[in-house]
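Chain A is the first sequence line, chain B the second, and so forth, proteins listed ahead of strands; every chain is numbered from 1.
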Amino acid sequence: MKKRGTIPRKIKGFRDIDADLNEMRQRIIQAAAKVYRSYGFEHWDTPVLEYADALGKFMPDEETVDQGVYNFKNPEEEPILGEDGKELRDAGAKAIMEHQALAMRYDLTAPLARVYAERLWDDVKRGQIMESNARLFRRFQYGPVYRYEMKLAPGRFREFWQIDFDSVGTKDVAADAEACMILSDALQAIGLDKSTFIVKVNNRKVLKGFLFSIGIDDDEKEGAVLRVIDKLDKIGWENVELELAAGRTDTSGAAIAGLNLPADLIGKIISFLKIATGIKGRKEVIEKLEKLVAGNELAEEGIAELKKMDAMWEALGFDESSIVFDPTLMRGMAYYTGPVFEVESLLTFKDKRGKTRKVGSICGGGRYDGLVKNLLGLRVPATGASIGVDRLAALLQMANDEKVKAEGPVFIAYFDDSLQTKYYEMAKELRQAGMDVEVYCGYFKGFRKMKKQMSYADKKNCPAVILLGEDEAKKGVVTVKNLKLGKELSKTISDKKEWIAKVQKEIPMDGLVEYMKANFA
RNA sequence: UCCCCUGUAGCUCAGUUGGCUAGAGCGCCGGAUUGUGGUUCCGGAGGUCAGCAGUUCAAGCCUGCUCGGGGGAACCA
């Protein structure tokens with residue numbers, strides 16, 4: 001094996017987050033968390049690693065990596081448990097031990113299902129599990145999730161943050177309707193204008209029912225059709241039609257296989273999807289859908305759910321300008337069973353070549369009544385949604401004229417060894433008064449030059465610098481320089497002496513805390 | 001993983017049909033200002049032209065391979 005060099009570099013698809021980006025991220029999280037909490041969700045965290053088989057369909061040692069999950073082996077061997085929770089034994093009645101497969105979470109929903117299921121597990125073992133003791137649980141959670149993406153699209157990462165909220169233990173679509181309103185509230189709390197995004201809602205039951213009624217009745221066929229429809233945004237109507245039929249050759253010359261459905265079926269699917277084109281009113285969309293799927297039980301159930309949601313939104317003041325029905329909305333994840341929702345940002349931006357591009361989807365969610373069942377055998381209905389924190393941060397950076405900058409500490413410059421202790425004393429007092437304070441500690445090459453120190457404070461976006469040198473010490477004062485003001489004035493003043501004189505002030509030593517509190521706290 | 005495009009300073013990019021010592025702006029460092037962030041002026045550092053092999057008297061420029069980046073396809077639980 002070749003010896004690896006020690007050139008410092010980070011892993012592809014992962015990022016270092018600087019103070020400014022962290023500031024942005026914190027604002028988003030705090031605003032969203034506050035809204036979630038206000039609806040009654042409690043704050044939980046779960047580990048980044050889970051047993052691989054708890055995370056979904058992925059079983060140890062199948063090609064999990066190809067399917068998007070990072071995985072590892074647990075350091076110690078553990079007994080393998082059977083479906084009843086008992087240790088599996090070999091012929092000699094010895095427990096079968098293995099280094100179990102672990103995987104990094106790829107979203108926050110699967111770990112939630114695990115948390116929930118784990119708390120019910122003892123009851124399951126006692127055979128006492130039944131729907132009546134599946135309790136209602138509402139929690140929100142934020143943190144990094146990990147995806148082993150084969151190819152990194154711009155703005156896509158292998159590590160990124162989500163802030164997620166879910167209600168487990170309710171089959172009432174009121175919870176779904178509420179989730180959409182929460183997304184809308186949260187995005188506004190984060191600072192997006194209501195006119196710049198729209199919540200789109202659909203119901204898988206309607207589509208499933210419709211497809212069933214026209215003869216697409218097995219999961220595999222259905223999945224294939226859904227996947228094609230999911231691409232609509234990207235490839236357009238014509239290409240969707242082609243992919244449902246014989247396939248097509250895309251602009252890069254690659255051949256894409258088609259599903260080879262009969263023409264009349266394709267026609268039906270397309271006209272179903274186009275049913276809401278140009279129609280904004282939720283009630284009109286429902287009416288049209290209703291006629292088309294009449295007689296199919298599942299679809300009718302779905303329609304009834306949409307009706308209920310619509311009625312709630314109407315009563316609570318969420319009209320078509322904020323929430324719409326979109327029969328073409330699909331969502332990638334297979335585990336959704338009912339209502340699905342997505343928030344689309346209506347903002348656009350210009351890319352490097354000056355091409356106008358859409359920001360696209362910034363939140364997603366839906367109902368997943370089967371997820372807990374995969375772990376527990378008990379069907380516990382659940383619904384929830386998630387905001388893509390990093391996407392949103394990027395969006396806000398683009399939308400804001402002024403970049404969000406992290407606020408630095410009050411800065412105490414270093415002049416004199418004999419005053420060093422004094423600097424730390426001042427800092428302590430100011431901290432006790434509630435301020436962030438840094439005493440300059442650079443000591444290397446020319447690091448103690450005034451210019452260096454000032455420039456350091458400036459780059460850290462410090463609001464003020466406190467200068468205490470020999471001159472001040474003799475007089476019993478300190479000089480406080482207002483960097484924030486200086487930044488403002490530098491736009492209009494070009495004379496250096498004037499500029500300096502205007503932004504600094506001598507303050508008596510014993511009045512410093514008072515002065516700083518009044519001006520910079 | 002497949003197809004197309006692409007790779008010049010920390011960043012964004014010029015560099016003629018192959019021809020002397022490869023440039024600019026921004027950033028960085030130093031000075032004007034020995035105690036002052038911005039502005040202004042002066043000076044400076046920084047390049048294996050992604051790497052390797054080939055064609056040629058001569059390669060940043062042409063050819064092949066490798067690696068990296070972008071776009072599209074597939075995948076997206």
Side-chain angles (χ1 to χ4, degrees), chain A residues 9 12 52-59 62-69 103-107 109-110 113 145-156 158 223-224 226-228 230-231 234-235 239 243 247-257 330-336 351-353 355 357 361 364 368 370-371 374 408 411 413-416 440 445-446 448-473 479-504:
Chain A
R9 53 188 185 146
K12 218 162 71 168
D53 50 8
L55 230 42
K57 65 179 187 187
F58 306 105
M59 300 308 278
E62 276 176 44
E63 290 167 30
T64 53
V65 151
D66 281 346
Q67 298 185 52
V69 192
M104 293 178 88
R105 65 186 182 200
Y106 52 81
D107 70 13
T109 310
V145 300
Y146 299 86
R147 296 196 186 175
Y148 193 106
E149 304 270 4
M150 288 314 279
K151 171 139 187 175
L152 292 164
R156 290 269 182 192
R158 293 188 174 140
L226 294 188
R227 238 167 292 140
V228 173
D230 193 32
K231 293 198 282 187
K234 221 156 117 188
I235 64 177
N239 291 325
E243 287 195 25
R248 67 186 178 103
T249 307
D250 79 353
T251 47
S252 74
I256 298 161
M330 221 33 47
R331 304 280 312 145
M333 313 221 184
Y335 59 56
Y336 290 124
D351 69 5
K352 266 199 266 179
R353 293 179 191 148
K355 230 163 91 184
R357 286 174 173 252
S361 164
Y368 48 97
L371 209 51
N374 294 343
F411 182 86
Y414 188 101
F415 284 91
D416 202 314
Y440 189 73
K445 307 262 175 173
R448 279 187 179 166
K449 283 182 177 173
M450 238 340 85
K451 208 176 165 79
K452 267 255 155 87
Q453 298 193 42
M454 295 302 302
S455 159
Y456 174 85
D458 186 49
K459 285 196 179 107
K460 274 184 101 159
N461 201 26
C462 295
V465 174
I466 295 174
L467 304 162
L468 171 60
E470 244 182 290
D471 303 350
E472 284 91 352
T479 301
V480 177
K481 184 183 176 91
N482 189 334
L483 290 193
K484 241 183 190 166
L485 180 64
K487 206 165 277 175
E488 274 305 304
L489 292 181
S490 78
K491 288 171 193 158
T492 51
I493 299 174
S494 64
D495 181 77
K496 189 141 206 153
K497 288 215 168 100
E498 185 193 350
W499 184 57
I500 289 171
K502 278 210 169 138
V503 298
Q504 55 189 48

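- Between A:Glu498 and A:Lys502, at least one side-chain N (NZ, or NE/NH1/NH2) sits under 4.0 Å from a carboxylate O, which counts as a salt bridge.
- In plain terms, the two heavy atoms of A:Gly408 and A:Pro463 that are nearest each other are O-CD, 3.3 Å.
- Comparing A:Lys487 and A:Lys231 against RNA chain B, the residue whose closest nucleotide sits nearer the 5' end is A:Lys487.
- As rounded to whole Å, 20 Å separates atom C1' of B:U36 from atom NZ of A:Lys484.
- Comparing B:G37, B:C76, B:A74 by their closest approach to the side chain of A:Met454 singles out B:G37.
- In terms of the salt bridge (charged side-chain N to carboxylate O under 4.0 Å, His left out) criterion, residue partners of A:Lys231 (sequence neighbours excluded) are, by chain and number, A:Glu243.
- Between the C1' atom of B:A74 and the CD1 atom of A:Ile235 lies a distance of 12 Å, rounded to the nearest Å.
- Comparing B:U56 with B:G71, their C1' atoms are spaced 35 Å from each other, to the whole Å.
- For A:Tyr440, the ring-ring contact (aromatic ring centres under 6.0 Å, His included) criterion is met by A:Phe411, A:Tyr456, not counting sequence neighbours.
- The separation of B:U8 from B:G15, taken at their C1' atoms, amounts to 9 Å, rounded to a whole angstrom.
- When the C1' atom of B:C75 is taken as reference, atom CZ of A:Arg158 falls 13 Å away, rounded to whole Å.
- Across the protein-nucleic acid pair, A:Lys491 atom NZ and B:U40 atom P stand 15 Å apart, rounded to whole Å.
- Summarising the geometry, the separation between NZ on A:Lys497 and P on B:U39 is reported as 19 Å, rounded to the nearest angstrom.
- One interatomic measurement links the two molecules: CD of A:Glu498 to C1' of B:U40, which rounds to 15 Å at whole-angstrom precision.
- Within 4.0 Å of A:Val145, counting heavy atoms only, lies no atom of the nucleic acid at all.
- Picking from B:G37, B:G31, B:G38 the nucleotide with the shortest atom distance to the side chain of A:Lys449 gives B:G31.
- When distances are taken from the side chain of A:Ile500 to each of B:U36, B:A73, B:A77, the shortest belongs to B:U36.
- For the C1' atoms, the distance linking B:G7 with B:A50 amounts to 6 Å, nearest Å.
- Paired runs in RNA chain B that reach 3 or more consecutive Watson-Crick or G-U pairs, where each pair keeps both distances under 3.5 Å, cover B:1-7 with B:67-73, B:10-13 with B:23-26, B:28-32 with B:40-44, B:50-54 with B:62-66.
- Comparing the P positions of B:A74 and B:U16 gives a spacing of 39 Å, expressed to the nearest Å.
- Between the side chain of A:Asp230 and the backbone N or O of A:Leu226, no donor-acceptor pair lies under 3.5 Å.
- Atom CG in A:Asp230 sits about 13 Å away from atom C1' in B:A77, given to the nearest Å.
- Atom name P, nucleotides B:C28 and B:G10: the rounded distance is 15 Å, in whole Å.
- Spacing between B:A45 and B:C26 at atom C1', rounded to whole Å, works out to 16 Å.
- A close approach under 4.0 Å does not occur between any side-chain nitrogen or oxygen of A:Arg147 and OP1 or OP2 of B:A77.
- Here A:Glu488 contributes atom CD and A:Ser490 contributes atom OG; the two are 8.0 Å apart, rounded to the nearest 0.5 Å.
- Remark: the separation of the C1' atoms in B:A77 and B:G68 is 29 Å, to the nearest Å.
- For A:Leu483, the listed nucleotide lying nearest its side chain is B:G37; candidates were B:G37, B:A77, B:C76.
- Atom NZ of A:Lys484 sits in a sparse spot, with 12 or fewer heavy atoms from other residues, nucleotides or ligands closer than 6.0 Å.
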Between protein and nucleotides 32-35 of chain B, what N or O pairs are separated by less than 3.5 Å?
{"from": "B:G35", "atom 1": "O6", "to": "A:Asp471", "atom 2": "N", "distance (Å)": "3.1"}
{"from": "B:G35", "atom 1": "O6", "to": "A:Asp471", "atom 2": "OD1", "distance (Å)": "3.3"}
{"from": "B:G35", "atom 1": "O6", "to": "A:Asp471", "atom 2": "OD2", "distance (Å)": "2.8"}
{"from": "B:G35", "atom 1": "O6", "to": "A:Glu472", "atom 2": "OE1", "distance (Å)": "3.4"}
{"from": "B:G35", "atom 1": "N1", "to": "A:Glu472", "atom 2": "OE1", "distance (Å)": "2.9"}
{"from": "B:G35", "atom 1": "N1", "to": "A:Glu472", "atom 2": "OE2", "distance (Å)": "3.2"}
{"from": "B:G35", "atom 1": "N2", "to": "A:Glu472", "atom 2": "OE2", "distance (Å)": "2.8"}

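- Because its NZ or CZ atom is both nearer than 6.0 Å to the ring centre of A:Tyr414 and within 45° of the ring axis, A:Arg448 counts as a cation-pi partner of that residue.
- Atom CG of A:Leu371 sits about 10.0 Å away from atom OH of A:Tyr336, to the nearest 0.5 Å.
- Distances from the side chain of A:Trp499 to the nucleotides B:G38, B:C75, B:A74 place B:G38 closest.
- Here, B:G46 and B:A32 have their P atoms 23 Å apart, quoted to the whole Å.
- A cation-pi contact, defined as under 6.0 Å to the ring centre and within 45° of the axis, is absent between A:Lys491 and A:Trp499.
- Across all non-hydrogen atoms, the minimal contact from A:Leu483 to A:Ala457 is CD1-CB, 3.9 Å.
- For A:Ser494, whose side chain is taken as the heavy atoms from C-beta onward, the closest listed nucleotide among B:G37, B:U39, B:U36 is B:U39.
- If you check residues 455-464 of chain A against RNA chain B, the residues with a heavy atom closer than 4.0 Å are A:Ser455, A:Asp458, A:Lys459, listed by number.
- The distance between atom OH of A:Tyr148 and atom P of B:C75, rounded to the nearest whole Å, is 18 Å.
- For A:Asp458, the side-chain hydrogen bond (donor to acceptor under 3.5 Å, both in side chains) test picks out no residue, with sequence neighbours left out.
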